[in-house]
Amino acid sequence: MHILVLASAFNSLTQRVHAEQLRDHGHRVAVELALPGASLPDAVARHAPDLVVAPMLKSVIPEEVWSRYTCLVVHPGPVGDRGPSSLDWAIHEDVDRWGVTVLQADAEMDAGDVWATASCRLPRVSKSELYRGEIADAALGAVLLAVERVAGGTYVPRPQDTAGAPDAALRTRPHLDQRVRRIDWAGDTTRTVLRKLRAADSQPGVLDTLLGGEWYLHGGHPEGVLRGRPGELLATRTGAVCRATRDGAVWIPELRPRRAPGGPATFRLPAVQALGDLLPPLPERPAPPGPGAPHDTWTDIRYREEGDVGFLSFSFPGGAMSTDRCRRLLAAYREACARPTSVLVLGGERDFFSNGIHLGVIEAADDPAAESRANIEAIDDLVEAVLTTTDRLVVSAIAGNAAAGGVMLALAADEVWCRSGAVLNPHYRLMGLYGSEYWTYTLPRRVGPAAAGRLMREALPVSAAGALRLGLVDRVVDSAPGAFAAETGRLAARLSALPATAGRIAAKKTELERRENETPLAAYRERELARMRRTFDDPDAPYHALRRAFVRKERPAATPAHLGGSRTPSGPYATGFTPTAPSDIPARPIS
């Protein structure tokens, strides 16, 4: 079928629907963004689709569209649940199970007939993690079933009152506003504070008063030891601040200042950086990532061992790796490599692997060009360390989405394992960048020069299954988000016990020396960085405007051309993104 994906933004769920369930199943797919001022009926008519699928749509589909085309809307709630804050309310009310409904658009929002449903668990993690994890898994299953039913031509969708929704569930709940989200630091328990923070992550945040200003709080993690007066700031850790509750304390990683009337849009930053000179002197309480580190406190980098396997896990908000985060992760990586293990697993236990450099920190810097250079050098140092590790096997464990330099960090490992629900964006051009992180070395070796160039030019998301077919990843782990770490642990233990593993490790040094004699890694890095520096240092380069628009979440004026179904990219960054690696280097064999 010719399917039009209609969305308010090309967000994680929209990308997954586009890449995994529709393109992977042989449908012809285009994307149209529902943007202010644009005529949606005219846009849909231009595509002349057989079916419209709306994974994330904040506006009403006009009658002129839904009366002419079958339009499937994905609602992140069970049958009968209606309203714009469905998942927020579920977390706020501490619901254990939730669901996703695919319904047909009609005159009343969220009230159409049901084409498919799916249920899921709601573990106590942030809304954004749930949205990219359990909710996305359920949504994809329901969308696939609904599309199959539409294609079959015989299924009749059921009204909500006969599709499994009790009468009490047929209700439209209001927008969950800041009056309900607000934290009472003197009265709320730690568990309540965390629930409110998790229900607002990553948008809209929880509006609060702190140090004389109004801030949106983003993210929250429990602290097991520190205590103080409710609302008091107690300590800092790797850019986060610890704040006391009635019966404990929480770590808040990021803050966003409230937008002033008529002022520019604000964006999230590490809390310590956001507060700047307003922050009083507080002790820095580091949590060591090595074996034996306490588990009753939060840290963004942690290391553990199980037998002959080391696990270096990291979890950065939004998957963004600032200069500081890259340097700290590199230090932890070197410490992990000093341990007596034969396999080292690198990655998070769920959600983002990495999205590359931290555009928000760069945008907030006094000299964004200088910070861009520092950030790219720092992540290159990390990738180089992985590429040159010869005394053990390194496995990248991609639990969630990855993009740009984050994908290239994963590709530096000996093996790449990816959760079935992850989406990869192995390209840079949409941010006006050529890219670094040794991509001209690793990407052609894995997929071949032609495929590497195509991935860079098309700039489209790749599903886990698609990545396996291309050779981007070596294994797809079919698991729920919360089960990925345990399954990865079992696979890593099996890998360390294989008789062939010792031989593979022994051969790594010789192979690296051979490759260095052909073309040194330093040559790849310098060629990439030369292109990047020219962009960073050019104030008129599109990168700077694209970065500003990205961190401030500015909507594009029109649907980007590369999403419209065409395979030919357009614009100033459409050409010149072919690998600089020698074309005679073969794709890396799958182990």
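Residue indices begin at 1 and follow the sequence shown.
In this structure, Glu415 does not pair ionically with Arg475, as no charged nitrogen and carboxylate oxygen lie closer than 4.0 Å.
The nearest pair of heavy atoms linking Leu122 to Ala90 is CD1-CB, 3.8 Å. The heavy-atom pair separating Ile379 from Ile376 by the smallest distance is CG2-O, 3.3 Å. What you find for Ala467 and Val462 is that their closest heavy atoms are N-CG1, 3.4 Å. Closest heavy-atom contact between Pro123 and Glu134: CG-OE2, 3.4 Å. When all heavy atoms are compared, the tightest approach of Pro556 to Leu33 is CG-CD1, 3.9 Å. When all heavy atoms of His544 and Pro539 are compared, the closest pair comes out as CD2-O, 3.9 Å.
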Exercise answer: donor-acceptor pairs, residues 105-112 side-chain atoms, under 3.5 Å, sequence neighbours excluded:
from	atom 1	to	atom 2	distance (Å)
Asp106	OD1	Glu108	N	3.1
Asp110	OD2	Gly83	N	3.0

In residues 395-402, what donor-acceptor pairs under 3.5 Å come from side-chain atoms, sequence neighbours left out?
from	atom 1	to	atom 2	distance (Å)
Ser396	OG	Ala410	O	2.8
Asn401	OD1	Val423	N	3.0

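Side-chain atoms of Gln178 come within 3.5 Å of backbone N or O of Leu207 as a donor-acceptor pair. Distance alone, capped at 3.5 Å, places no donor-acceptor pair between the Arg198 side chain and the His92 backbone. The backbone N or O of Ser420 lies less than 3.5 Å from no partner atom in the side chain of Asp478, so there is not a single donor-acceptor pair. Counting only distance, with no hydrogens or angles, the side chain of Thr101 and the backbone of Leu103 share no donor-acceptor pair below 3.5 Å. At least one donor-acceptor pair under 3.5 Å links the side chain of Trp89 to the backbone N or O of Pro174.
Note that CZ of Arg429 is 12.0 Å distant from CG of Leu455, once rounded to the nearest 0.5 Å. Taking CG of Leu563 as the reference point, atom CD of Gln15 lies at 8.5 Å (rounded to 0.5 Å). The line from CZ of Arg16 to OG of Ser463 is 9.5 Å long, rounded to the nearest 0.5 Å. Arg350 contributes atom CZ, which lies 10.0 Å from atom CZ of Arg132 (distance to the nearest 0.5 angstrom). Annotation: the span from Ser8 atom OG to Leu57 atom CG amounts to 4.5 Å, rounded to 0.5 Å. Between atom NE2 of residue His47 and atom OG1 of residue Thr559 there is a gap of 6.5 Å, rounded to the nearest 0.5 Å.
Counting only heavy atoms from C-beta outward, the side chains of Arg419 and Thr488 never approach each other to under 4.5 Å. Looking only at side-chain heavy atoms (C-beta outward), Tyr543 and Tyr428 stay at 4.5 Å or farther from each other. Using a 4.5 Å cut-off on side-chain heavy atoms (C-beta onward), Leu4 and Val53 make no contact. Taking 4.5 Å as the limit, every side-chain heavy atom of Val100 sits out of range of all side-chain heavy atoms of Thr117. With a 4.5 Å cut-off on side-chain heavy atoms, Glu129 and Ile135 do not count as touching. Side-chain contact between Phe352 and Pro317 is absent, with no heavy atoms from C-beta onward closer than 4.5 Å. Side-chain contact between Pro426 and Leu472 is present, with at least one heavy-atom pair separated by less than 4.5 Å. Side-chain contact between Lys127 and Asp88 is present, with at least one heavy-atom pair separated by less than 4.5 Å.
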Go through the steps for Leu433 and Thr535 under the test side chain to side chain contact (heavy atoms under 4.5 Å, CB included), then give the verdict. CA-CA 7 Å; Leu433 293 173; Thr535 298; 3.9 Å; yes

*Walk me through it: do Arg268 and Val551 pass the test side chain to side chain contact (heavy atoms under 4.5 Å, CB included)?*
CA-CA 8 Å; Arg268 293 180 292 159; Val551 300; over 6 Å; no

Would you check, one step at a time, whether the test salt bridge (Lys or Arg N to Asp or Glu O under 4.0 Å) holds for Asp201 with Lys196? CA-CA 9 Å; Asp201 178 77; Lys196 291 180 177 180; over 6 Å; no

| request: Could you walk me through whether Val473 and Trp417 pass the side chain to side chain contact (heavy atoms under 4.5 Å, CB included) test, one step at a time? | output: CA-CA 6 Å; Val473 306; Trp417 302 346; over 6 Å; no

Take Leu411 and Leu443 through the test side chain to side chain contact (heavy atoms under 4.5 Å, CB included) and record every step on the way to the result.
-> CA-CA 7 Å; Leu411 298 189; Leu443 191 60; 3.8 Å; yes

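In terms of the salt bridge (Lys or Arg N to Asp or Glu O under 4.0 Å) criterion, residue partners of Arg547 (sequence neighbours excluded) are, by chain and number, Glu363. Judged as a salt bridge (Lys or Arg N to Asp or Glu O under 4.0 Å), and not counting sequence neighbours, the contacts of Arg173 are Asp81, Glu93.
Sorted by first then second residue, the salt bridge (Lys or Arg N to Asp or Glu O under 4.0 Å) pairs that include residues 111-124, not counting sequence neighbours, are Asp94-Arg124. Counting only residues at least two apart or in different chains, side chain to side chain donor-acceptor pair (under 3.5 Å) contacts with residues 53-74 are absent.
Using modelled atom types, one finds no donor on one side chain facing an acceptor on the other under 3.5 Å when comparing Ser372 with Asn375. Side-chain polar atoms of Asn425 and His427 form a donor-acceptor pair below 3.5 angstrom. For the residue pair His562 / Glu458, no side-chain donor-acceptor distance below 3.5 Å is found, with atom types taken as modelled. Judged purely by distance below 3.5 Å, without hydrogens or angles, the side chains of Glu487 and Ser479 never pair a donor atom with an acceptor atom.
Annotation: His358 is not in aromatic contact with Phe316 [ring centroid separation under 6.0 Å not met].
Crowding of Phe550 atom CZ: a count of heavy atoms from other residues, nucleotides or ligands under 6.0 Å not exceeding 12.
In this structure, Phe314 and Phe353 have perpendicular ring planes: the angle between them is above 60°, well past the 30° mark. Ring planes of Tyr216 and His218: tilted class, angle from 30 to 60°. By the 30° and 60° cut-offs, the orientation of the rings of Trp115 relative to Tyr155 is tilted.
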